[in-house]
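FYI, side chains are in, hydrogens and waters are out, and symmetry mates aren't considered; it's all heavy atoms of this structure.
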Amino acid sequence: MDEVEIATKTESAYRTLRQDILETRLRPGAPLKLGAMREAYGIGWTPLREALSRLEAERLVMSSANKGYTVAPVSLEELSDLTRARRLVELPMLAESIARGDEAWETALVAAHYRLSRCTPPVENPEELALTDWEERHEAFHTALLAASTSPWLMRFYVQIKDQLRRHHRVLSIAPALSHARSGARWQDSPGFAALREALALEPHTALMNAALDRDADHAVRLLDEHIEFTRKVFLATDLEGEAT
């Protein structure tokens, strides 16, 4: 196998594993046994090890001498740090985007909001396809909000934070319902369900869009700050510290 072929296979392995980690098909904290992964994914030893090394550099995978590779865990501590980082990056980006956005930005934002409004939130339908569809439309809305910001570096940081948070959002959309099903309790009657429904509701997104379109940056930043905190509130309400890792 020549170097070009190895590089191509490594890139393919990296992208496949990364997608499965972000979408929690590879669960947080799960061991990544090289032999089993090589068989399941049809990946050679060299591309597999190099792909895992790249994912470790992104903090999506962890390794230790005793345990080998594992998917990075999800925890309240990690979520709190990501929430703080998101505030530092996203709030000034929104203020700049509102100040600089033109008519095309406004049109794209309204279109992204409309697409989000036509989608069933995963709290109502947690199936894989519905969850993926909502995630894509939700991310498109937030990206449209920030699209007039001019800093490529801040946008890179935003994308990195967003990818890390995606795993937390996935766990919060799926794990609590499964946990309640195993215990026989109704997930819909729990505080976690109420918190998740509030976090995924269209109304806060509509208010955020309207504040941005009205060029009320102070109000929009306050609304986004509250919106950013929703994920932590859901995590605390669902008591997932033990369940998610």
Side-chain angles (χ1 to χ4, degrees), residues 1-75 77-79 81-82 85 115 119-123 125-140 142-143 155-179 181-182 231 235 240-245:
M1 188 182 297
D2 60 29
E3 290 184 7
V4 173
E5 188 177 358
I6 290 174
T8 300
K9 289 182 178 295
T10 297
E11 183 65 24
S12 176
Y14 162 75
R15 291 184 179 278
T16 300
L17 294 175
R18 190 176 192 276
Q19 191 73 9
D20 281 356
I21 289 170
L22 292 180
E23 296 183 358
T24 63
R25 285 188 284 270
L26 291 171
R27 297 282 291 168
L32 300 173
K33 300 185 183 301
L34 297 188
M37 292 184 68
R38 185 171 178 266
E39 220 172 286
Y41 287 93
I43 301 170
W45 290 112
T46 299
L48 178 57
R49 289 181 183 279
E50 291 185 3
L52 288 171
S53 293
R54 287 177 63 180
L55 292 166
E56 185 180 9
E58 293 183 22
R59 296 175 63 98
L60 291 172
V61 163
M62 301 174 66
S63 68
S64 69
N66 297 328
K67 295 184 178 180
Y69 289 103
T70 58
V71 179
V74 164
S75 68
E77 180 182 5
E78 181 79 0
L79 177 57
D81 192 29
L82 286 167
R115 290 190 70 248
C119 183
T120 302
V123 71
N125 182 6
E127 293 180 3
E128 174 75 19
L129 288 177
L131 179 54
T132 299
D133 185 37
W134 186 88
E135 282 177 340
E136 290 174 353
R137 296 182 191 218
H138 183 252
E139 288 179 8
H142 280 276
T143 299
M155 184 57 75
R156 288 189 189 102
F157 294 147
Y158 165 71
V159 170
Q160 289 174 351
I161 294 166
K162 178 191 68 177
D163 283 348
Q164 291 286 348
L165 281 168
R166 187 175 180 183
R167 299 190 311 125
H168 291 74
H169 293 157
R170 278 266 169 161
V171 168
L172 289 169
S173 297
I174 297 171
L178 294 177
S179 177
R182 288 195 296 269
T231 307
F235 200 107
L240 275 180
E241 189 64 30
E243 180 74 26
T245 54

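Checking side-chain atoms of Arg137 against main-chain N and O of Arg115 turns up a donor-acceptor pair under 3.5 Å.
The distance from the CD atom of Glu139 to the NZ atom of Lys162 is 4.5 Å, given to the nearest 0.5 Å. In this structure, the separation between NZ on Lys33 and CD on Glu39 is 14.0 Å, given to the nearest 0.5 Å. Atom OH of residue Tyr41 and atom CG of residue Asp20 lie 3.5 Å apart, to the nearest 0.5 angstrom. Atom CG of Leu26 sits about 10.5 Å away from atom CZ of Arg167, to the nearest 0.5 Å. The structure places CG of Leu82 at 6.0 Å from CD of Gln164, a figure rounded to the nearest 0.5 Å. Note that the CG atom of Asp81 and the CD1 atom of Ile161 stand 9.0 Å from one another [nearest 0.5 Å].
With sequence neighbours excluded, the residues that form a side-chain contact (heavy atoms from CB on, under 4.5 Å) with Thr143 are Tyr158. Considering only residues two or more places apart in sequence or on other chains, Gln19 meets the side-chain contact (heavy atoms from CB on, under 4.5 Å) condition with Glu23, Arg25, Arg166. With sequence neighbours left out, the side-chain contact (heavy atoms from CB on, under 4.5 Å) criterion links Ser12 to Thr16. Ala140 meets the side-chain contact (heavy atoms from CB on, under 4.5 Å) test with no other residue; sequence neighbours excluded. Applying the side chain to side chain donor-acceptor pair (under 3.5 Å) test to Thr70 and every residue at least two apart in sequence or in another chain returns nothing.
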For side-chain contact (heavy atoms from CB on, under 4.5 Å), just list the numbers for Arg27 and Val71, CA-CA rounded to whole Å, side-chain angles, deciding distance to a tenth of an Å, and then say yes or no.
CA-CA 7 Å; Arg27 297 282 291 168; Val71 179; over 6 Å; no
Hey, mind stepping through Ile43 and Thr10 against side-chain contact (heavy atoms from CB on, under 4.5 Å) and telling me if it holds?
CA-CA 9 Å; Ile43 301 170; Thr10 297; over 6 Å; no
For Leu22 and Leu60, run side-chain contact (heavy atoms from CB on, under 4.5 Å): C-alpha distance rounded to whole Å, both residues' side-chain angles, the deciding distance at 0.1 Å, then the answer.
CA-CA 8 Å; Leu22 292 180; Leu60 291 172; 4.1 Å; yes
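Between Cys119 and Glu136 the shortest side-chain heavy-atom distance does not fall below 4.5 Å. At a threshold of 4.5 Å between non-hydrogen side-chain atoms, the residues Leu79 and Val74 do not count as touching. Annotation: side chain of Lys9 is not in contact with side chain of Thr46 (no heavy-atom distance under 4.5 Å). You'll find the side chain of Leu165 stays beyond 4.5 Å of the side chain of Glu78, heavy atoms only. Within the 4.5 Å cutoff, no side-chain heavy atoms of Asp133 are placed close to those of Leu129. The shortest distance between side-chain heavy atoms of Phe235 and Val171 does not fall below 4.5 Å.
Of all heavy-atom pairs spanning Leu32 and Leu52, the tightest one is CD1-CD2, 3.9 Å. Scanning both residues, Ala13 and Pro47, for their nearest heavy atoms gives CB-O, 4.2 Å. Heavy-atom minimum distance, Leu48 versus Leu17: CD1-CD1, 3.9 Å. Taking all atoms of both residues into account, the shortest heavy-atom contact from Ser75 to His168 is O-NE2, 3.8 Å. Heavy-atom minimum distance, Trp45 versus Leu34: CZ3-CB, 3.5 Å.
Evaluation of the side chain to side chain donor-acceptor pair (under 3.5 Å) test over residues 51-61, restricted to residues two or more places apart or in two chains, returns Glu11-Arg54, Tyr14-Glu58, Arg18-Glu58, Glu56-Ser63.
Within 6.0 Å of CE in Met155 there are more than 12 heavy atoms belonging to other residues, nucleotides or ligands.
Aromatic ring orientation, His138 versus His142: perpendicular (interplanar angle above 60°, classes split at 30° and 60°).
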